[in-house]
Structure formats: C-alpha cells, structure tokens
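Below is one structure, written out as structure tokens; comments come after it.
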Number of protein chains: 2
Amino acid sequence: MKATDARSLHGQVVRELGTRIVSGELKPGDVLPREDALAESMQVSRNALREALKVLSAKGLIEARPKTGTRIRPRDAWNQLDADVLSWRCATMPTDDFIEKLGEMREIIEPAAAAAAARRRTQTQLARIDTAYRQMEAARDTSEWAVADLSFHNAVLQATGNEMMISLFTVIESVLGMFFVLSAQTAGDFKYSLPHHHKVLDAIRRNQPEVARKAMQAMITDSRANLEKRRKKGVRKAS
Amino acid sequence: MKATDARSLHGQVVRELGTRIVSGELKPGDVLPREDALAESMQVSRNALREALKVLSAKGLIEARPKTGTRIRPRDAWNQLDADVLSWRCATMPTDDFIEKLGEMREIIEPAAAAAAARRRTQTQLARIDTAYRQMEAARDTSEWAVADLSFHNAVLQATGNEMMISLFTVIESVLGMFFVLSAQTAGDFKYSLPHHHKVLDAIRRNQPEVARKAMQAMITDSRANLEKRRKKGVRKAS
DNA sequence: TCGATGCCTTTGTATGATAAATTTTGCTGG
DNA sequence: CCAGCAAAATTTATCATACAAAGGCATCGA
C-alpha cells in the first residue's frame with residue numbers, strides 16, 4: 001500500500017521515469033536511451049538506474065531486452081492498480097475521463113465491500129469503523145476530515161476480511177484524494193456526507209448486508225454527483 | 001499483466017524469495033540475512049540480489065533499511081492484486097479460504113464488468129468476445145477450452161474500456177486457473193457453461209446491461225457451486 | 001536469392017570499494 | 001546512578017569497472 005520511497009536515489013529515478021511514462025511524455029513503443037547514457041544523463045550510476053528499471057518493469061511500464069533496448073510497454077500491460085501508477089496518473093492526468101473511471105471502480109467496489117463487512121465484521125473491525133466515524137464527526141477542518149474519511153473507508157474494506165479487497169484501497173484513496181482537491185475551494189459544509197456514513201456504519205453494526213450495500217451505494221452516487229457539480233463550477237480550460 | 005521473467009537470474013531470485021514469503025516459510029517480521037551473505041547463499045552476485053529485492057519491495061513484500069536489515073512486511077501491506085503474488089499464492093496455498101475469497105472477488109468484478117461492457121462496447125470489442133465464444137464452442141479438449149474461456153472473460157473486461165477493470169483480469173485468471181486444475185480430473189462435460197456464456201454474449205451484443213449482469217452473475221454462482229462440489233469430491237486431507 | 005556465419009551493440013552479471021544512515025555502545029559530567 | 005552526547009560499528013545505498021551473453025545486422029558464399 002506504501003508508495004516507493006522517494007528519499008532513496010533509485011526511488012527518485014523510479015518516480016521521474018514513471019511520471020514521464022504515465023504522463024505520456026514517453027509513449028508506448030518508445031525505446032529509452034542506452035543504460036549507461038541514461039544513467040549519465042540522470043546523474044546516477046548505472047546500478048541505481050537498473051534497480052529503478054526493474055521496479056518499473058515489475059509495474060509493467062517497461063520491458064528490457066538485450067540488444068533491442070528498453071521500451072515502453074502498451075498501456076493495457078501496465079499494472080493500473082499499482083499505488084504508484086495511480087498516484088502518478090492523479091498527479092499528471094486528472095482528465096474527466098479518468099475521474100469517471102475511478103468513480104466507476106469505486107461504485108463497484110465499495111457497496112460490495114460494505115455488504116461483505118456487514119456479513120463478516122468482527123467486533124474489533126466494527127470498533128475501528130466506529131472510531132473513524134467519530135473522528136469524522138469531531139473534525140474541525142477539511143484536513144482532519146480527509147484523514148478520518150480515508151480511515152473510515154479503509155476500515156470498511158478491512159472488515160471484509162478479504163485481502164484483495166483491501167488492496168483495492170489504493171483506488172478509493174485516489175478517488176477521495178481527487179475529491180478533496182476539487183472540493184478544497186468550497187470549504188463550506190465539508191461534513192455533508194456524515195449522515196450517509198452513519199447509515200453505513202449502522203447497517204454494518206447490525207449485520208444487514210443489503211442495507212449496508214444500498215447505503216454505501218447512495219453515498220457514492222451522491223458523491224459522484226457532487227464531484228461533477230464542483231467540476232463544472234471549477235476553473236477549467238475545456239468546457 | 002505479465003509475470004516477471006523467470007529466465008533471467010534476478011527473476012529466479014524474485015520467484016524464489018517471493019514464493020518463500022508468500023508460502024509462509026518466511027514470516028512477516030522476519031529479517032533476511034545480510035545482502036552479501038544472502039547473495040552468496042543463493043549463488044548470485046549482490047547486484048542481482050538487490051535488483052530482486054527492489055522488485056519484491058515494489059510488490060510490498062519486504063522493506064529494507066540501513067543497519068536494521070531487510071524484513072518481511074505484514075500481509076496486509078502486500079500488493080495482493082499483483083500478478084506474481086497471486087500466482088505464487090495459487091501455486092503454494094490453495095486453501096479453501098483463499099479460493100473462497102477469489103470467488104468473492106470474481107462475483108463482484110465480473111457482473112459489473114458485463115454490465116459496463118453491454119453499455120459501452122464498441123463493435124470491435126464485441127467481435128472479440130464473439131470470437132472467443134466461438135473458440136469455446138469449437139474446443140475439442142479441456143486445454144483448448146481453457147484458453148478460449150480466458151479469452152472470453154478477458155474480452156469482456158476489455159470491452160468495459162476501463163483499464164483498472166482490465167488489470168483485475170489477474171484475479172479472474174487465478175480463479176479460472178484453479179478451476180481448471182480442480183476440474184481436470186472430471187473431464188466429462190467441460191462445455192457445460194456454454195449456454196451461460198451465450199447469454200452474456202447476447203446481452204452485451206444487444207446493449208442490455210442488467211441482463212448481462214444477471215447472466216454473468218448466474219454463471220459465476222453456478223461456477224462457484226460446481227467448484228465447491230468438485231472440491232468436496234476431490235482428494236483432501238482435512239474434511 | 002537465400003542462408004549461414006561472424007561481428008557488434010546492448011542488456012545481464014559479477015566484483016570490489018566507498019558513502020550514508022542508524023543503531024548501539026561507551027564516555028563524560030552532573 | 002542517571003542523563004545526555006559523542007563515537008563506533010554494522011548494514012544498506014551507491015558507485016565504478018569489467019566481462020559474459022544474447023540478439024540483430026551485415027557480409028559472404030553457394
């Protein structure tokens with residue numbers, strides 16, 4: 001769940017090349033310069049560069065072969081659910097299209113997760129969701145709200161007990177991240193979704209899967225509509 | 001989507017250490033031997049080892065810090081949707097619990113994907129699904145059926161046009177892989193799910209999202225029941 | 001024209017050395 | 001005896017260089 005360490009040198013190289021690829025500055029099919037040349041141009045040893053290339057290769061962004069060189073792989077080979085890839089996309093390409101897709105993913109994942117959580121949550125897991133909810137209640141600004149909100153949705157995913165579901169938190173994280181950015185300007189009633197969260201919490205507490213699913217579904221539908229509204233109001237080049 | 005190349009040396013190291021970690025032979029919290037010692041014990045250079053460690057680190061399996069050493073991260077930090085991690089789990093830990101979770105994921109993803117595909121598929125994408133269906137029809141043995149089945153479900157995911165959905169194909173791949181292994185013994189009517197697939201194809205062709213969703217849902221429910229049945233019949237230690 | 005063989009470029013692997021970071025230890029002063 | 005700071009030791013991080021292997025390209029021959 002943790003992004004690659006940006007402090008280390010090869011971490012910086014990963015981030016640099018990764019963003020260049022994801023942003024489209026380096027297109028699929030392009031071949032990178034030779035390793036020693038690229039290493040020199042980035043002011044790192046070939047060794048550090050190679051470690052970075054291996055990481056990018058693990059994310060499906062590139063592929064290296066002797067003699068042929070290292071080339072960018074097609075977009076559908078990328079590990080689109082990787083935490084770094086998602087964050088790089090969010091950082092460089094907040095197109096309407098991408099936001100829409102993120103919302104779609106969320107709408108698939110979270111209601112199902114809420115239902116599963118209502119079915120199988122342990123006492124401890126419920127307590128964690130409850131704690132997050134209270135922190136949302138107590139939040140005094142958008143920043144506090146943001147971390148509490150993330151905690152809430154993370155706790156719901158945790159309560160499913162399905163580790164693959166939990167790994168999908170990276171997607172939810174991206175969605176909420178975009179939302180917070182876009183709603184930072186209109187800092188008015190940032191707690192408006194509290195009732196929705198309460199319904200979800202309550203349904204999970206009472207072990208009512210279908211109620212939890214519907215409540216979560218309603219919350220997300222509302223959230224997407226809200227996002228759409230703010231996006232239209234906000235400053236944008238293309239109409 | 002492609003697993004790490006096992007031909008290269010560091011690829012072998014990744015696989016070796018990865019399976020040892022995922023299988024539980026190396027437990028979370030354990031610290032690996034020092035890099036030079038580990039490199040020597042695995043008969044590779046420290047360089048190749050480090051590249052492997054970086055890849056495992058990118059998958060969230062390990063974390064390295066100076067002086068402290070390299071240690072196995074807790075399971076919920078692992079990138080459970082990574083193609084390699086999934087395949088290593090399938091190879092070493094086909095517990096009932098894990099199969100159940102895979103089925104749950106599939107039941108969440110595929111109906112939603114079918115609905116989205118029915119809504120947005122292009123002509124070309126539909127053609128690809130159709131082609132896969134015909135290959136399933138024409139399959140003469142379980143092996144041919146397996147590749148065609150994978151093609152079909154992959155084509156449906158592709159037709160959603162959502163790249164994150166497409167990346168989830170790794171999960172479906174794992175589920176079907178397990179299914180094929182378990183159903184290899186009873187090679188009787190391997191085409192029994194053909195009508196289900198036809199309904200899905202038809203609904204997607206006619207742009208009927210809810211019909212497609214229900215058809216896919218029915219297919220998966222049936223598939224899970226079937227898997228459960230075979231699993232009980234099969235040779236197992238624990239009842 | 002086709003095919004095989006040798007060369008050449010690029011990634012893959014190995015080795016040794018130095019830097020940086022962090023924990024531990026030990027020293028000093030109160 | 002304890003607190004706090006400084007030095008040391010250990011481990012990863014980075015660098016530099018050399019050689020091996022693989023894959024394409026050209027050349028040469030039939």
Side-chain angles (χ1 to χ4, degrees), chain A residues 2-18 20-21 26-74 77 84, chain B residues 2-18 20-21 26-74 77 84:
Chain A
K2 198 161 113 191
T4 63
D5 189 4
R7 283 168 301 192
S8 64
L9 195 45
H10 63 257
Q12 292 175 13
V13 176
V14 168
R15 189 156 157 272
E16 168 72 15
L17 289 177
R20 284 226 287 241
I21 293 172
L26 295 169
K27 296 182 178 61
D30 288 358
V31 304
L32 296 177
R34 290 205 332 265
E35 284 183 351
D36 48 5
L38 188 55
E40 189 184 16
S41 79
M42 300 190 91
Q43 308 266 345
V44 299
S45 73
R46 189 172 159 231
N47 222 327
L49 174 69
R50 276 184 60 83
E51 288 177 3
L53 291 181
K54 281 285 162 289
V55 171
L56 292 174
S57 187
K59 296 181 189 302
L61 298 189
I62 62 174
E63 185 176 30
R65 305 182 62 179
K67 174 65 182 178
T68 310
T70 303
R71 64 179 54 194
I72 318 289
R73 296 185 64 189
D84 288 318
Chain B
K2 198 161 117 190
T4 63
D5 189 4
R7 283 168 301 190
S8 64
L9 196 44
H10 59 258
Q12 292 176 13
V13 176
V14 167
R15 190 158 156 272
E16 169 73 16
L17 289 176
R20 284 226 287 242
I21 293 172
L26 295 169
K27 295 182 178 62
D30 288 358
V31 304
L32 296 177
R34 292 208 330 266
E35 284 184 350
D36 49 6
L38 188 56
E40 190 184 15
S41 80
M42 299 189 90
Q43 308 265 344
V44 298
S45 74
R46 184 166 164 245
N47 220 328
L49 174 68
R50 275 185 60 82
E51 287 178 2
L53 292 181
K54 282 285 161 288
V55 171
L56 293 174
S57 188
K59 295 180 189 302
L61 298 189
I62 61 174
E63 186 177 29
R65 302 181 60 180
K67 172 67 182 178
T68 310
T70 304
R71 64 180 51 195
I72 318 288
R73 295 187 65 188
D84 287 318

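Every chain is numbered from 1 and lettered A, B, ... according to where its sequence line falls, protein lines coming before strand lines. Because the structure is a prediction, the values reported are computed rather than measured.
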Checklist entry - For DNA chain D, which nucleotides open and close the run of contacts to chain A, 5' to 3', at under 4.0 angstrom from a non-hydrogen atom? => result D:dT14 to D:dG24
Nucleotide [N], atom [atom2] - distance to [atom1] of [X] in whole Å:
{"X": "B:Asp5", "N": "C:dT11", "atom1": "CG", "atom2": "C1'", "result": "12 Å"}
{"X": "B:Leu9", "N": "C:dT11", "atom1": "CG", "atom2": "C1'", "result": "14 Å"}
{"X": "B:Asp36", "N": "C:dA17", "atom1": "CG", "atom2": "C1'", "result": "13 Å"}
{"X": "B:Glu63", "N": "C:dT22", "atom1": "CD", "atom2": "P", "result": "12 Å"}
{"X": "A:Leu53", "N": "C:dT13", "atom1": "CG", "atom2": "P", "result": "13 Å"}
{"X": "A:Asn47", "N": "C:dT15", "atom1": "CG", "atom2": "P", "result": "14 Å"}
{"X": "A:Arg71", "N": "C:dT11", "atom1": "CZ", "atom2": "P", "result": "11 Å"}
{"X": "A:Glu51", "N": "C:dG12", "atom1": "CD", "atom2": "P", "result": "14 Å"}

Does [X] reach the side chain of [Y], with side-chain heavy atoms less than 4.5 Å apart?
{"X": "A:Lys54", "Y": "B:Lys54", "value": "no"}
{"X": "A:Leu26", "Y": "A:Leu32", "value": "yes"}
{"X": "B:Thr68", "Y": "B:Val31", "value": "no"}
{"X": "B:Leu9", "Y": "B:Gln12", "value": "yes"}

To the nearest 0.5 angstrom, please state how far the [atom1] atom of [X] sits from the [atom2] atom of [Y].
{"X": "A:Lys59", "Y": "A:Ile21", "atom1": "NZ", "atom2": "CD1", "answer": "11.5 Å"}
{"X": "B:Met42", "Y": "B:Leu49", "atom1": "CE", "atom2": "CG", "answer": "7.5 Å"}
{"X": "A:Asp30", "Y": "A:Ile62", "atom1": "CG", "atom2": "CD1", "answer": "12.5 Å"}
{"X": "A:Ser57", "Y": "A:Arg50", "atom1": "OG", "atom2": "CZ", "answer": "10.0 Å"}

Next on the checklist: Side chain of B:Ser45 only, heavy atoms from C-beta on: which candidate in C:dT15, C:dT23, C:dG12 is closest?
Outcome noted: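 Within the option list, the nearest is C:dT15.
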Checklist entry - Among the nucleotides C:dT13, C:dA21, C:dT10, which one has an atom lying closest to any side-chain atom of B:Pro66? => result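 Closest nucleotide to the B:Pro66 side chain: C:dA21.
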Next on the checklist: Between B:Thr68 and B:His10, which residue's closest nucleotide on DNA chain C lies nearer the 5′ terminus?
Outcome noted: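 In this pair, the answer is B:His10.
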Checklist entry - Which part of the nucleic acid, if any, lies within contact of B:Arg65, taking any heavy atom under 4.0 Å across all strands shown: a base, the sugar-phosphate backbone alone, or nothing? => result sugar-phosphate
Checklist entry - Would one find more than 12 heavy atoms of other residues, nucleotides or ligands at under 6.0 Å from atom CZ of B:Arg20? => result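 Atom CZ in B:Arg20 is packed in, count exceeds 12.
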Checklist entry - For the helix from C:dT1-D:dA30 to C:dG30-D:dC1, what is the angle between the axes at its two ends, each from 5 pairs, rounded to 10°? => result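 The helix from C:dT1-D:dA30 to C:dG30-D:dC1 shows an end-to-end axis angle of 0°.
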Next on the checklist: Quick check on DNA chain D: between A:Arg7 and A:Lys67, whose nearest nucleotide comes earlier from the 5' end?
Outcome noted: A:Arg7
